[in-house]
Amino acid sequence: MNYSVKYYPEKRKDIVDNVPVMLSVTYSRQRMFYYTGERCNIDPNPKKSQWDLVKGKLKSNQISPDGKTSQLFNAELDKITVAVNDLFKVYEVAKDTPSPEKFREDLKKKLGRTAVVKVLEQEGFFDRFDKYITDADLSSGRKKHLKTTYNKLKSFNPKTTFETVNVQYLTDFQNYLIKYTNKKGENISKNTIISELRRFRAFLGYSIKHGWTTNYPFNSFTIDSESFGDPVFITVEERDKLFSAYIPNASLSRVRDIFVFQCFIGCRVGDLVNLKRSNIVGDCIEYIAAKTKDDKTRVARIPLSDKAKSILSRYNLPNGELLPFITGQRYNVYLKDLFKYVGITRNVTIVDPKTRQSKQISIADIASSHMARRVFVGSLHRKGVKNEIIASMSGHTKDSKAFSRYYNINKEDQEQAMKLIQ
């Protein structure tokens, strides 16, 4: 039975003293992580660190934070290695391939270290969450959202441990979120509450995978589905009205150009602000969508229309920047003013994100950068373009669950479909 054993100091943000030393065992395409009970001091400079990265043990003539000599320290690691080898001999004879959870429990019993591991779990819940945010292979936007979940959990119960998280804890945390108010004194929406719970669930799943806990109460706790209602966006005619409008206000004119250009290429605003002249390849814009950089990486390629090229020709900015971007918050405020100035103010029906009740509102009052993405996807979908072709330009991953949020099926679509089978 093939397996490998490795020891390493756990990476922690801005922490170099008294760092836990972890065991990593890889077998049958699975990885199991286990806290050895040992700690050492590390340093970004390998020469100053107590840990030998090549040999995977404490350097000679070092004293660990708890007073152990390197000889005693490394002997403890050797004991763990012997225990691991013994367990795999048993598994090989029994022709058993244990799950990481079973192997971890077997190793705890063999070493008699259950109490030590539990102390680490009790002391390190928020340290582990912070490590998850730092180390997980996620986009910067996703990590920013995770930090808000971290802050809410700490505000809810700063003494949270892995063992205290049960179904009642999740219920109480959900009720806390329902009553939670932001800096403006407003309650957060039900969709936001659902997102917070899902991020918490993802953290616990990651924690189990890395051997930090075996506790997973989400198996017995139901998270509601998000409700978005029909997507609302301006028509192609309204987009062209913006494009052609004379706007003497320089700020609104720049915002118009940014928004209309975004309507023509359909990218997320986070990707839009990072685009450079170097992203123009021939007659196309090419970029890697931020949300796919770490998973299912793909290049989004969008042919530039004559109107999009016309907008770009108005600017020759330093540092190769594509357009004169402003902060996201100001951008969305100016968009509302822009819609009202041009006269795009028709009423639309939306689902209130807090109450989930439908209501009438001016489209100008809900104008945002994300609406441009809906214009791109929704307009192409209305013209009968296949989803996979749209996704190749919008930066969505294949079979994205979020894709349907960018278009809706109306009466005309249904009537045209029925004519096909009459």
Side-chain angles (χ1 to χ4, degrees), residues 10-13 15 20 22-26 29-36 98-108 113-178 180 188 190-226 291 294-295 401-402:
E10 183 182 63
K11 293 180 181 179
R12 290 189 173 187
K13 187 178 181 182
I15 298 177
M22 305 298 294
L23 161 70
S24 171
V25 179
T26 303
R29 297 183 180 180
Q30 301 183 89
R31 294 183 71 189
M32 192 282 293
F33 301 89
Y34 181 82
Y35 172 49
T36 64
S99 67
E101 291 76 18
K102 174 176 169 44
F103 178 59
R104 189 178 301 111
E105 289 304 313
D106 289 347
L107 185 58
K108 286 180 185 179
R113 291 286 188 83
T114 303
V116 175
V117 174
K118 285 189 175 181
V119 168
L120 178 73
E121 290 175 352
Q122 290 173 353
E123 294 178 346
F125 178 87
F126 288 107
D127 287 336
R128 299 292 173 146
F129 206 130
D130 189 57
K131 178 175 174 57
Y132 168 52
I133 296 171
T134 302
D135 294 351
D137 208 12
L138 302 168
S139 68
S140 58
R142 173 73 171 175
K143 290 187 176 185
K144 184 177 179 181
H145 288 309
L146 282 167
K147 191 64 179 178
T148 66
T149 304
Y150 170 98
N151 290 336
K152 287 183 174 66
L153 282 166
K154 202 160 191 177
S155 175
F156 168 64
N157 185 352
K159 296 182 179 180
T160 297
T161 69
F162 282 113
E163 290 187 338
T164 60
V165 180
N166 53 27
V167 173
Q168 186 59 54
Y169 179 101
L170 297 177
T171 302
D172 292 341
F173 179 55
Q174 180 175 250
N175 291 333
Y176 168 81
L177 293 175
I178 291 172
Y180 183 88
I188 58 178
K190 291 184 179 180
N191 283 353
T192 299
I193 292 171
I194 291 167
S195 296
E196 298 284 8
L197 290 170
R198 286 180 174 174
R199 288 192 284 268
F200 188 13
R201 181 175 63 185
F203 165 61
L204 285 185
Y206 184 93
S207 299
I208 288 176
K209 180 180 177 182
H210 286 76
W212 300 340
T213 184
T214 58
N215 182 28
Y216 192 71
F218 278 99
N219 283 330
S220 303
F221 182 85
T222 302
I223 301 177
D224 292 337
S225 299
E226 295 168 298
K291 282 194 175 182
D294 301 323
D295 182 28
K401 293 180 180 179

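As the structure is a computational prediction, the values presented were derived from the model and not from experiment.
Ion pairing between a basic and an acidic side chain is recognised when a charged N comes within 4.0 Å of a carboxylate O; E105 and K102 show no such pairing.
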side-chain contact (heavy atoms from CB on, under 4.5 Å) assessment of K108 paired with Y34: CA-CA 9 Å; K108 286 180 185 179; Y34 181 82; 3.6 Å; yes
Pair L107, L23 - check side-chain contact (heavy atoms from CB on, under 4.5 Å), show working. CA-CA 11 Å; L107 185 58; L23 161 70; 3.7 Å; yes
Determine, stepwise, if the pair I208 / T214 fulfils side-chain contact (heavy atoms from CB on, under 4.5 Å). CA-CA 5 Å; I208 288 176; T214 58; 5.7 Å; no
Test side-chain contact (heavy atoms from CB on, under 4.5 Å) on S155 and Y176 and set out the steps. CA-CA 10 Å; S155 175; Y176 168 81; 2.7 Å; yes
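Screening T171, D172, T164 against Q168 for a side-chain hydrogen bond (donor to acceptor under 3.5 Å, both in side chains) leaves a single residue, D172. Screening F129, W212, F218, Y132 for a side-chain contact (heavy atoms from CB on, under 4.5 Å) involving L204 leaves a single residue, F218.
In this structure, CD in E10 is found 9.5 Å from NE2 in H210, a value given to the nearest 0.5 Å. Note: D224 CG to Q174 CD = 6.5 Å, rounded to the nearest 0.5 Å. Rounding to the nearest 0.5 Å places CD of E196 at 9.0 Å from CG of L146. A distance of 9.5 Å separates CG of L153 from OG1 of T148, quoted to the nearest 0.5 Å. Note that OG1 of T161 is 8.5 Å distant from CG of N215, once rounded to the nearest 0.5 Å. Taking NZ of K152 as the reference point, atom OG1 of T192 lies at 8.0 Å (rounded to 0.5 Å).
By the 4.5 Å heavy-atom criterion applied to side chains, F203 and R128 are counted as neighbours. When side chains are defined from C-beta on, Y35 counts as touching M22, because their heavy atoms get closer than 4.5 Å. Counting heavy atoms from C-beta on, the side chains of Y216 and R201 come closer than 4.5 Å. In this structure, D130 and K147 have side chains that are in contact, with non-hydrogen atoms separated by less than 4.5 Å. By the 4.5 Å heavy-atom criterion applied to side chains, I193 and Y180 are not counted as neighbours. Residues N157 and F173 fail the side-chain proximity criterion, which asks for heavy atoms closer than 4.5 Å.
Ring centroid separation for the pair Y169 and F221 does not come in under the 6.0 Å cut-off.
Residues P158 and F126 come closest through the heavy atom pair O-CE1, 3.4 Å. Shortest non-hydrogen contact noted between P100 and Q30 is CD-OE1, 2.9 Å. Taking each heavy atom of F162 and S207 in turn, the nearest pair found is CE2-OG, 3.6 Å.
For NZ of K143, the number of neighbouring non-hydrogen atoms (other residues, nucleotides, ligands) closer than 6.0 Å is greater than 12.
Remark: side-chain polar atoms of S220 are not paired, donor with acceptor, to backbone N or O of P217 under 3.5 angstrom.
Geometrically, K209 does not engage Y206 in a cation-pi contact, judged by NZ or CZ lying under 6.0 Å from the ring centre and within 45° of the ring axis.
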